[in-house]
Amino acid sequence: MKTKPFFNLSRLKHLLILAYLAAAVIAIRLIDIQFISHSRYTQAAEQNRTQILYQTAPRGRILAAGGEVLAGSQPAFSLYYLPAFEQNSQDYLESLSSDIANYLGEDKEKLLRLLKKADKSGKAIALAQNISPKTAFSFAELQSYYSGLYLLEESKRYYPSGAFLAHLLGYMGTMDNKFWSLRDDSLDYRLNSKIGKSGIEKRYESELKGRDGGLLLEVDYMGRVKKKIKDNYGRAGADVYTTINYDVQKAAEEGIKNSITGRGAVVALDPRSGAVLAMVSAPDFDPNIFVPFSDEERTVLKRSIPEYNLAIQGLYPPASTFKSITAIAGLETGRLKVEEETTCDGKVYMNGREFKCWKKHGPHIDFWEGMAQSCDVYFYELGSKVGASHIERIQRLFRFGRQTGIDLPGEKSGNIYGPSKRARNKTYWFGGDTLNLSIGQGELLLTPIQMAVFASTLANKGNIWRPYYVDKVVSAEGETLFKAEPDLLSRVELKPGVFDIISKALKGVVDNATGRAAKVEGIEVHGKTGTAQNPHGDDHGWFMAFANRPGEEPDLAVAVFVEFGKGGAGAAAPIAREIIKTYYGVGRENVK
C-alpha cells in the first residue's frame with residue numbers, strides 16, 4: 001500500500017501561512033509597545049516602581065472687587081514615616097512612637113503598631129495629616145533625630161475675615177459618594193478631598209480646584225521605599241473676583257450685628273448693572289470651622305450653623321415699601337392726582353371692619369405728605385380708587401412673585417397677591433383684601449434681594465437686571481477664564497414722568513419724614529420705610545433706598561431688613577445710612 005508523504009506541498013503552504021500570520025501579530029504587538037502605546041506602558045512601568053504621597057494644591061482665592069482676600073489658603077502639614085530599606089531597631093521605633101505621641105496627644109502603643117507595620121512592609125505610612133504649623137514646627141525638630149520622619153507641606157482653606165460674607169462664600173467639606181460618582185476625572189479628586197458644599201465654593205468648584213502635587217518615592221517590586229526622588233509641586237486653582245465692595249459689606253454686616261435683634265439681611269446692588277455690592281444674612285457662621293487643623297477639631301460648632309440665607313430665602317410682607325407700587329398703579333391709571341387731598345383720622349371702615357392707620361395724620365393729606373408720612377389711610381383710599389387688579393398688574397411688571405435669577409441655589413420666588421391668583425384658587429377677593437394689598441400686607445411676600453432689585457429698578461427707571469456677584473475668573477497663570485456681562489431680564493415701561501414722581505416722593509421720605517434716619521449730607525437719598533406685621537412676635541423692619549451724588553445718576557440701591565426690628569424707621573434706616581456713607585466715602589478724607 002502506498003502512503004502519502006507527510007511534508008507535501010499543500011501542508012507546507014498552510015504552515016508557512018500560519019507562520020507569517022504569527023509573525024505579523026508579533027510585529028504589530030511590538031509596534032504597539034514600542035511606538036503606539038509606548039507612553040502608556042512607560043507610565044505603567046514608572047508607577048510600578050514609584051509611590052506618590054499626594055500634596056494638596058492651593059485652592060484658588062476668592063476676592064472682593066478691590067482685591068481684598070475673602071478666601072485663601074494657609075499651610076498645613078502631613079507627617080509621614082518613610083522606613084529605611086533595612087528594618088529599624090525596636091528601641092528606635094519605641095523612642096519614635098513616644099516622641100510623636102507627646103506632640104500629637106495620640107496613644108503611644110497605637111503609633112508603635114503603625115510604625116512596626118510600616119517597618120516590616122517597607123511602605124510609607126501617614127502618621128498625622130492636616131496638622132497646624134505650630135505642631136509641625138515641633139516635628140521639624142524631631143526630623144534631625146529620626147531620619148524616617150518626613151513633613152509634607154500642603155494647603156488648607158482659610159477665611160481671613162471669619163464669618164464675613166459667609167452665606168455667599170459658602171463652606172467646604174469632605175467629598176461624599178454622590179459627588180464622587182459625578183466628579184470630573186480631570187481634577188484628580190481623592191476620596192478624602194475637600195470640596196465646596198455651598199455658595200461660591202460650590203458653584204465655582206471646578207475653577208477653584210487646583211492640581212495636586214506630591215512627593216515621588218522610588219520603591220522596589222514589593223512596594224518598599226528605596227529613596228525619595230523629587231517633590232512634584234501642584235498648581236493653584238483659578239481666582240474668583242467678586243463684585244463685592246469690601247467696605248460696604250463690612251458696614252452692612254456691622255449694621256445688622258449691632259441692630260436691635262442682630263438678625264436680618266442686607267442686599268446692595270449697582271442699579272446700572274445688577275452687580276451685588278453687599279449681601280448679608282444674619283445670624284451667620286464662620287466657614288473656618290469646616291476646615292480646622294486636625295489638632296483643633298471643632299465638630300460641635302458645625303452642628304448649629306445657620307445655613308438659611310435670609311437674603312434670598314427669607315419671605316416677608318413688604319409693608320409700606322409697597323406703597324410705591326400702589327402709587328405707580330394710581331399714576332398709570334390716572335386715578336392718582338398728586339395734589340388731591342384726603343383726611344386721615346386714624347382709621348377707615350370696610351364692610352364693618354376697622355382698618356387702622358399707624359398714626360392719626362389729620363386733614364389735608366396729599367400724595368407727597370401721604371408718602372412721606374407713610375399714611376395708611378391715604379393709601380387705603382388710593383387703593384380702593386385704583387382697584388386691586390391694576391395694583392396686581394404693576395406687581396407683575398416689576399417681577400414680583402418671581403426669582404431674581406441670581407446664580408445661587410435655593411432662591412425663593414416670593415408670593416404675588418391679587419384677585420387673579422385668588423380666582424385661580426377658586427376663592428373670593430374682598431374689599432378688605434384690597435386695603436391690605438394697598439399697604440403691602442396680607443399674603444404678599446418678598447425676599448430682601450427682590451426688594452433690592454425693586455429699589456434698583458426705581459433708581460434706573462425701568463431696567464430689571466439679573467443680580468450677579470462674580471466679576472471674573474482668572475487662572476493661576478493670569479489668563480481670564482470668565483468675564484461677567486450685565487443681563488437685562490426685562491424693562492418696565494411706564495407713562496412719562498411716573499418714575500420721576502416716585503423718585504421725588506421717596507426723596508421727601510428721607511429729607512423730611514419717616515426715613516430721616518437714612519439722610520446723608522451731600523448725597524441724594526430716596527427711600528421708603530416699612531413695618532411688616534408679624535403674628536409670631538415683634539414686627540419686622542424694612543428700608544429700601546437708592547442714592548446718587550447731586551447731578552449724577554443713581555449708582556447704589558439697597559434693601560435692609562431687620563427681623564423683629566419693630567419698625568423700619570428706627571431699625572433699618574440707620575443701617576442704610578451707614579452703608580450709603582461708606583459707599584460714597586462721606587466722613588472720610590479720601591472719598592470714592
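Put simply, the side chain of R393 never gets that close to the backbone of S389: no donor and acceptor are under 3.5 Å apart. A donor-acceptor pair under 3.5 Å is absent between the side-chain atoms of E524 and the main chain of K507, judged by distance alone. The closest donor-acceptor contact from the side chain of S438 to the backbone of T434 lies under 3.5 Å. Between the side chain of Y380 and the backbone N or O of K356 there is at least one donor-acceptor pair closer than 3.5 Å. Remark: side-chain polar atoms of R61 are not paired, donor with acceptor, to backbone N or O of E68 under 3.5 angstrom. In this structure, T261 contributes its side chain and E563 its backbone to a donor-acceptor pair below 3.5 Å.
In E341, the CD atom is crowded: over 12 heavy atoms of neighbouring residues, nucleotides or ligands sit closer than 6.0 Å. Within a 6.0 Å sphere centred on CZ of R335, other residues, nucleotides and ligands contribute more than 12 heavy atoms. By the neighbour-count criterion of 12 heavy atoms within 6.0 Å, atom CD of Q74 is densely surrounded, having more than that number from other residues, nucleotides or ligands. Shown here is K360, whose NZ atom has no more than 12 heavy atoms of other residues, nucleotides or ligands within 6.0 Å. Within 6.0 Å of CD in E354 there are more than 12 heavy atoms belonging to other residues, nucleotides or ligands.
With ring centers used as reference points, F400 lies 6.0 Å or more from Y417. Taking the six-membered ring wherever Trp is involved, the centroid distance between the rings of F285 and H167 falls below 6.0 Å. Separation of the F561 and Y316 ring centroids falls under the 6.0 Å cut-off.
Using cut-offs of 30° and 60° for the angle between ring planes, the F430 and Y428 rings count as tilted. Classified by interplanar angle (parallel below 30°, tilted 30° to 60°, perpendicular above 60°), the ring pair F482/Y204 is tilted.
Between the CE atom in M350 and the CG atom in N436 there is a gap of 10.5 Å [rounded to 0.5 Å]. Between the CD1 atom of I464 and the OG1 atom of T457 there is a distance of 4.5 Å, given to the nearest 0.5 Å. Here the CG-CG distance, from N415 to L315, works out to 8.0 Å after rounding to the nearest 0.5 Å.
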Does F322 form a ring-ring contact (aromatic ring centres under 6.0 Å, His included) with W542? I'd like the steps, not just the answer. CA-CA 11 Å; F322 187 79; W542 280 106; over 10 Å; no
Test side-chain contact (heavy atoms from CB on, under 4.5 Å) applied to V558 and L269, step by step: CA-CA 6 Å; V558 61; L269 303 173; over 6 Å; no
Apply side-chain contact (heavy atoms from CB on, under 4.5 Å) to the pair T242 and I200, showing each step before the final yes or no. CA-CA 9 Å; T242 70; I200 294 174; 3.8 Å; yes
Audit row: K250, E578, salt bridge (charged side-chain N to carboxylate O under 4.0 Å, His left out) steps and yes/no: CA-CA 10 Å; K250 184 178 179 181; E578 293 308 309; over 6 Å; no
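Cation-pi geometry between K197 and Y171 is not satisfied (NZ or CZ under 6.0 Å from the ring centre, within 45° of the ring normal).
Salt bridge D366/K337: absent, no basic N to carboxylate O contact under 4.0 Å. Between R466 and E485, none of the side-chain N atoms (NZ, or NE/NH1/NH2) sits under 4.0 Å from a carboxylate O, so this pair counts as no salt bridge. A salt bridge between E521 and K581 is absent, with no side-chain N of the basic residue lying under 4.0 Å from a carboxylate O of the acidic one. Residues R491 and E493 are paired through a salt bridge, judged by an N-O separation under 4.0 Å between the basic side chain and the carboxylate. Salt-bridge check for K323 with D376: passed, with a basic side-chain N closer than 4.0 Å to an acidic carboxylate O. A salt bridge is absent between K257 and E253; no separation between the charged side-chain nitrogens and carboxylate oxygens falls under 4.0 Å. Here D471 pairs with K483 in a salt bridge; the nearest charged N to carboxylate O distance falls below 4.0 Å.
With a 4.5 Å cut-off on side-chain heavy atoms, Y469 and L408 count as touching. In this structure the side chain of V498 reaches within 4.5 angstrom of the side chain of E332, judged on heavy atoms.
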